[in-house]
Amino acid sequence: PVMRSVLMVLALASAPLSWSQMMPFWQPMGQGVAGSYYGEVSMSLDSRLRQGNGWGDDASAFNARAGYTTLFSSKPTYSWGLGVQGDYFHFGIPDGFPLPEDVYSAAVRISSNWQFAENWTLRVDARPGLYSDFRDISWDDVNAPFLVAVGYQINPDLLLMLGLNVNFRSDLATVGGPGVMWRFAEGWTLNLILPRPHVSYALTSKATVFAGGELKAGGFRVGDDFGQDFGRPDLDNDTLSYREIRVGGGSKVHRRSSVS
């Protein structure tokens, strides 16, 4: 169906707090098996709400994410991962506005890192799963957003990248393009890669603070009778597509576990 419900929140102030351990995408992890777990919590202040071509009242947003991936590698130039990831979104919206307050995702995460030439790495990261308000579950709730990225490492402190995040259920189906990651001073990293450009400073080997922006986009299927709650049967089993432009800062705490 045509995506009729679009939530667009602009110029949000956010304060994300996250903990993560992710292998650098341009560098396979080497031989062995390792566990990688990550999570994130972010909150956004009130901002203008848009549906279709019109502007409405203010709205806020809350997002929580958690996941775990096991990384496998039998040779230094290739590794792949298999895991799970869940998301929860809550929107503080005006009463009677025809949008769900809560949407969720429960996905399998499949990733692959391949160093196919000297200094060149290809990363693919797919997240097939359920993306909906979970009011009723069907095949319509299934989606498979994915990332494809190619990185060229000029030196240990400078990476060039071309990547695309693809989600055909979102009205913003692709997010990405060329980018650069540069460790320009001791502890400092400039990351100009969409959808989350930022500058960060490593306080310790396990703690980092950062500031920057983020373009969040997603698509979720609503229930078969969702529109009837608002006198809008045309919204039944429709797709909620949303975009957020966030500006803010936060902190990261890194955790790593070795399976073998």
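Note: hydrogens, waters and symmetry copies are ignored here, and every other heavy atom, side chains too, is used. Note that the structure is predicted; figures quoted are calculated from it, not measured.
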Practice task
Please check if the side chain of Arg109 supplies one atom and the backbone of Gly83 the other of a donor-acceptor pair under 3.5 Å.
Solution key: no
Practice task
Can you see which heavy atom on Phe210 is nearest to which on His198, and at what distance?
Solution key: CB-CD2, 4.0 Å
Practice task
Could you tell me whether the side chain of Arg221 and the main chain of Asn237 form a donor-acceptor pair under 3.5 Å?
Solution key: yes
Problem - Short side-chain to backbone donor-acceptor contact, Asp133 and Val103, under 3.5 Å - result: no
Practice task
Report yes or no: does Thr204 contribute a side-chain atom to a donor-acceptor pair with the main-chain N or O of Ala207 at less than 3.5 Å?
Solution key: yes
Exercise for the section: Indicate whether the side chain of Arg169 and that of Asn143 have a donor and an acceptor atom separated by less than 3.5 Å. Expected result: no
Practice task
Hey, can you tell me if Phe89 and Phe91 have their rings parallel, tilted or perpendicular (30° and 60° cut-offs)?
Solution key: parallel
Exercise for the section: Run the ring-centre check on Tyr131 versus Tyr104 and record whether the distance is less than 6.0 Å. Expected result: no
Handout entry: Exam field: side chain Asn155 to backbone Leu158, donor-acceptor pair closer than 3.5 Å
Key = yes
Handout entry: Close side-chain approach of Ile137 to Ser132, heavy-atom, < 4.5 Å
Key = yes
Handout entry: Which residues share a side chain to side chain donor-acceptor pair (under 3.5 Å) with Ser111, sequence neighbours left out
Key = none
Problem - Path from Trp182 to Leu192 over hydrophobic side-chain contacts below 4.5 Å - result: yes
Practice task
Output yes when a side-chain donor or acceptor of Asn63 lies under 3.5 Å from a complementary backbone atom of Tyr88, and no otherwise.
Solution key: yes
Exercise for the section: Following the transitive rule for hydrophobic clusters with a side-chain heavy-atom cut-off under 4.5 Å over Ile, Leu, Val, Met, Phe, Trp and Tyr, establish whether Trp80 and Val84 coincide in one cluster. Expected result: no
Exercise for the section: Indicate yes or no: at least one non-hydrogen side-chain atom of Arg65 is less than 4.5 angstrom from one of Gln85. Expected result: yes
Problem - Side-chain donor/acceptor of Ser73 to backbone N/O of Tyr78, under 3.5 Å - result: yes
